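Single-structure report; data block below.
Bear in mind the structure is a predicted one, so any value in this text is a computation, not a measurement. The basis for the numbers below is simple: all heavy atoms, side chains too, and nothing from hydrogens, waters or symmetry mates.
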Amino acid sequence: MTSHATEVDLQGLLDQALHATATGARWTADTDEVWCRVAPRSGARREQGWKLHLSATAASAPTVLAKALDVLLLEESAFKFARSLEKVSALNSRATPRGNSGKFITVYPRSDADAARLAEKLHRVTAGLAGPRILSDQPYAAHSLVHYRYGSFVGRRWLADNGLLVWFIEDPDGNPVEDKRTGQYSPPPWAVCPFPAAVPVPPRPADAASGPVLLGGRFEVREAIRHTNKGGVYRGTDVRTGAAVVIKEARPHVDADGVGRDVRDWLRAEARTLEKLQGLGLAPEPLALFEHGGHLFLAQEQVPGVALRTWVAEHFRDVGGERYRADALALVARLVDLVVAAHAHGCVLRDFTPGNVMVRPDGEPRLIDLELAVLEDDSARPTRLGTPGFSAPERLTDAPVSPTADYYSLGATACFVLAGKVPNLLPEEPATRAAEQRLAAWLAACTGPLRLPDGLADMVLGLMKDDPDERWKPSRAREALRKATPTARPAGDAAARPARDDDLDGTVAGLVNHLIDSMTPADDRRLWPVSTTAGETDPCTVQQGAAGVLAVLTRYWELTGDPRLPELISTAGHWIARRVDTGSTRAGLHFGGRGTAWALYDAGRAIDDRRLTDQALTLALAPQQSTPSHDITHGAAGSGLAALHLWHRTGDPRFAELAGDAADRLVAAADREQSGASWAVPAEAVAQEAGKRYLGFAHGTAGIGFFLLAAAAVSQRPEHMELAVEAGELLVANAVLTGPVAHWPAQAADVPTAPYWCHGAAGVGTFLVRLWQVTGDGRFGELARRATHAVAERASRAALTQCHGLAGNGDFLLDMADATGDPAYRVMAAELAHLVVAERANRHDHVVFPNEYGDVSTSWSDGIAGILAFLLRVRHADPRHWMVQPPA
């Protein structure tokens, strides 16, 4: 961005315009972190309708805003605009979701007639200026910056069937309908468009679903590989030769800088790099660079095989740990050779990652996605673009181009192949531990689960040195690989040291400090901060709300007597109690009212707060909204499990009756086949999931079977016990065995999934070990033992959390230790705790961890609360959260 563009103050332009017009006194303006909002002092805004969006680039934004203000300040419609050029660039970034991108100015017309009139005026005054196409909207005219869509004018949200809060509009009958912000214009059918007939635009590859699209007169698009804001990547066919091709798209003005360079320039650079490497067998062969409909496209040879990221996941799953270690060593050696060969031909890669390497069927790797690569005879465009965790630290701060940055990326990619991931080491405050020191600690924690050959951890650390001048050269890495041989050290041996007590205790104390200090009872929306990357739930629930955190802090108080907690537990409990609806609750444990009641009751009981326990029981006994869901998280099994817990706590027969009713409903809904019982997701529950028959604990057979097993112990009804056994039989029939390891697919006949609580072996094993305890059937116990091998083998590859990570997996191992009395499972759980602790980030007296998306979250399912719960069990051997143990 040029210095001139950087100096422009967009808010200052508004101030000047308001002072320059006689109507300035009629307006109010306020700002937040992203937007400057401008509204007339008189007149109420509509709640929904046709709204306008104007796009701009960082270079054109000041002019676009100035011209738009000339129109808008003479009108009566509210509007907002991105408050700085930095925010404009962020809106246009390649990483921005397609449904949100490009919306520099938003106008909220008072009426449909005003919308049409303002669109015409704004189009006329901004004609010819630069800005990207807004994908969620319809352009007012060809090449116009003005776009329109029907949507909400105010922030109204409701809980959808999947338990997530979504933005909504109302249909003509007043029913809520999700206001979807996607990369496609799709107005609701009842909304009458007030704008002139849309100008036809050339067909795009994204439209290929409605028929073949021929690009460049030569390349027929078959399917999309992915869609991003910068453009799609497509598989196609060269109609001249019949060869398979990959076609990359670059949209105009996306990621544009202050002098007008955008993603099209990156695509041209990639074309030059492919031409330089042509015929060398290092990268795809380039075929054509051409324009279509104003977009730039690059067609290249399709490299057969799978992305390295996929190869690691699939190969490990298919061949097992011992074979994988040998194959991984061979592949890392080929990756070293690949980087050396690229450098020998004058190409610095700048983005060497598992996503940018294809592994051919013969095992040879090939470079793909070379848009950031730099040739020795090219002038390198400065960039902070890269891939966190794989790009060298100096690369992300505009450092000069150097091969040493590729050495770092090579080390990170080798780490990914050998260990399954590169740890997400969040910034520390103060930064007293160097990144390489923290990486070394994590690799040391991997020693036991991975059984890495001697010298390979040193190789990874050598390539990933913080100082570029100290990094190992590829020749030294080759030598380390030559000397390395796979070891046969058994998992769980003494070489895998569990976390020291002081490490574990310090981590637990830091997590508790963070939860105490981050609570915000004055905030009416959220009691604790959570990540909303994967969506946002009700603020009171177990899954992502306050109930999940409250339950863990209650347990910590019971275990330690920390004097800070009774008042905090009371404050949190009553914050939740004031916000729950006791007139009607949603079903389910993690997303439903009874899960919240479970946490409230236990909290009130722990601190002897009768008001809290009474409120919890009222909530638990409240009528439930009708739901067709069957599972633990959203459905009847979860509601029934919470009722069982409260029956055990209170002895109130109403809860036993509620649990029995839930079990009866599951009996009626079960589909019984020769292989066992399953439950299909009803269409009226979540339409896009309709008919799926999940096997895992969160959403399928294992969790439902677990509830039925616990319910049978209370109801003493044989049909509940029989159905629990049939659920177990289905899981026996669908186990996928590789040597001593058992995996399960998400659904029968799918490929096995990762061994997590949600869908995989940890959740299935959680049920099967209890079924073995009750029935004595050795098949169930044996499969639970095999599930522990799946958990141990993939430990270094896992995230850290309960739902999809080490915390949930570790809880399963502790269940196995309790059920079998075998101390080996507790040692295995301690290894997982060691891995968790090694990825911590110290922030003064707090400890935080990343979730799957790299965010810090306090929640149960994907955050700190769930991690803390597991570490407490390692330290104190207490019962597992959200479980009712049937009698042996």
Side-chain angles (χ1 to χ4, degrees), residues 4-5 7-89 91-92 102-132 134 137-141 143-155 194-196:
H4 172 72
E7 292 166 4
V8 175
D9 178 7
L10 296 181
Q11 290 177 251
L13 292 178
L14 172 65
D15 293 338
Q16 293 172 22
L18 289 173
H19 285 100
T21 178
T23 63
R26 293 194 288 109
W27 295 90
T28 63
D30 65 86
T31 60
D32 59 22
E33 185 179 346
V34 178
W35 301 107
C36 180
R37 292 181 168 84
V38 188
R41 294 185 184 276
S42 61
R45 185 191 302 181
R46 293 189 296 169
E47 291 189 331
Q48 65 188 57
W50 291 97
K51 55 186 176 180
L52 308 178
H53 290 115
L54 281 76
S55 68
T57 66
S60 70
T63 305
V64 172
L65 178 61
K67 290 183 176 294
L69 290 174
D70 288 343
V71 173
L72 295 172
L73 293 180
L74 298 176
E75 300 286 339
E76 294 289 338
S77 295
F79 62 95
K80 69 179 181 180
F81 61 89
R83 60 177 294 180
S84 68
L85 296 179
E86 180 185 6
K87 302 302 180 186
V88 175
S89 295
L91 286 170
N92 293 340
K103 299 173 181 178
F104 169 44
I105 302 175
T106 303
V107 184
Y108 305 97
R110 293 179 307 166
S111 67
D112 288 358
D114 280 352
R117 184 171 52 80
L118 283 171
E120 193 277 330
K121 286 186 175 182
L122 291 168
H123 167 66
R124 190 169 64 248
V125 300
T126 60
L129 296 175
I134 297 175
D137 293 24
Q138 177 70 24
Y140 179 76
H143 311 298
S144 179
L145 298 190
V146 181
H147 302 69
Y148 57 83
R149 70 181 293 268
Y150 191 95
S152 177
F153 284 17
V154 294
F195 304 98

Let's go through Phe104 and Leu145 carefully: what are the C-alpha distance in whole Å and the side-chain angles of both, what is the deciding distance for side-chain contact (heavy atoms from CB on, under 4.5 Å) to 0.1 Å, and is it a yes or a no?
CA-CA 10 Å; Phe104 169 44; Leu145 298 190; over 6 Å; no
For residues 56-69, which residue pairs qualify under side chain to side chain donor-acceptor pair (under 3.5 Å), counting only residues two or more places apart or in two chains?
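Only Thr57-Ser60 qualify under side chain to side chain donor-acceptor pair (under 3.5 Å).
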For side-chain contact (heavy atoms from CB on, under 4.5 Å), just list the numbers for Glu33 and Lys87, CA-CA rounded to whole Å, side-chain angles, deciding distance to a tenth of an Å, and then say yes or no.
CA-CA 9 Å; Glu33 185 179 346; Lys87 302 302 180 186; 4.2 Å; yes
Less than 4.0 angstrom from a charged side-chain N to a carboxylate O is my criterion; do Arg46 and Asp112 meet it?
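Looking at Arg46 and Asp112, the cut-off is met.
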Short N-O contact, Arg26 and Glu76, less than 4.0 angstrom:
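Yes, this pair counts.
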Determine the minimum heavy-atom distance between [X] and [Y], stating which atoms define it.
{"X": "Asp32", "Y": "Arg37", "value": "OD2-NH1, 2.5 Å"}
{"X": "Ala56", "Y": "Pro132", "value": "O-CD, 3.6 Å"}
{"X": "Ala116", "Y": "Pro194", "value": "CB-O, 3.5 Å"}
{"X": "Glu75", "Y": "Trp27", "value": "O-CZ2, 3.1 Å"}
{"X": "Leu10", "Y": "Ala82", "value": "CD1-O, 3.4 Å"}

If the test is side chain to side chain contact (heavy atoms under 4.5 Å, CB included), which one of Val71, Val38, Leu52, Leu118 qualifies with Ser77?
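Single pass found, and it is Leu118.
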Testing Leu85, Val88, Asp9 for side chain to side chain contact (heavy atoms under 4.5 Å, CB included) with Pro62, which one passes?
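Per the side chain to side chain contact (heavy atoms under 4.5 Å, CB included) rule, the option paired with Pro62 is Leu85, out of Leu85, Val88, Asp9.
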Would you give the length of the straight line joining atom [atom1] of [X] to atom [atom2] of [Y], rounded to the nearest 0.5 angstrom?
{"X": "Trp50", "Y": "Asp137", "atom1": "CH2", "atom2": "CG", "answer": "9.5 Å"}
{"X": "Lys121", "Y": "Asp114", "atom1": "NZ", "atom2": "CG", "answer": "9.5 Å"}
{"X": "Phe153", "Y": "Tyr108", "atom1": "CZ", "atom2": "OH", "answer": "8.0 Å"}
{"X": "His53", "Y": "Ile105", "atom1": "NE2", "atom2": "CD1", "answer": "10.5 Å"}
{"X": "Thr28", "Y": "Leu18", "atom1": "OG1", "atom2": "CG", "answer": "9.5 Å"}

Could you please spell out the steps behind the side-chain contact (heavy atoms from CB on, under 4.5 Å) verdict for Leu72 and Leu122?
CA-CA 9 Å; Leu72 295 172; Leu122 291 168; 4.3 Å; yes
Parallel, tilted or perpendicular: which one describes the rings of Tyr140 and His123, with boundaries at 30° and 60°?
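Geometry flag for His123 against Tyr140: tilted rings.
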Please list, chain by chain and in numerical order, all residues satisfying side chain to side chain donor-acceptor pair (under 3.5 Å) with Lys51, sequence neighbours excluded.
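Once residues adjacent in sequence are excluded, Lys51 has no partner under the side chain to side chain donor-acceptor pair (under 3.5 Å) criterion.
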With sequence neighbours excluded, tell me which residues meet side chain to side chain donor-acceptor pair (under 3.5 Å) with Gln11.
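Once residues adjacent in sequence are excluded, the partners of Gln11 under the side chain to side chain donor-acceptor pair (under 3.5 Å) criterion are Arg83.
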Does His19 use its side chain to pair, donor to acceptor, with the backbone of Asp15 at less than 3.5 Å?
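Yes.
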Checking side-chain contact (heavy atoms from CB on, under 4.5 Å) for the pair Phe79/Leu69: CA distance, chi angles, key distance, verdict?
CA-CA 10 Å; Phe79 62 95; Leu69 290 174; 3.7 Å; yes
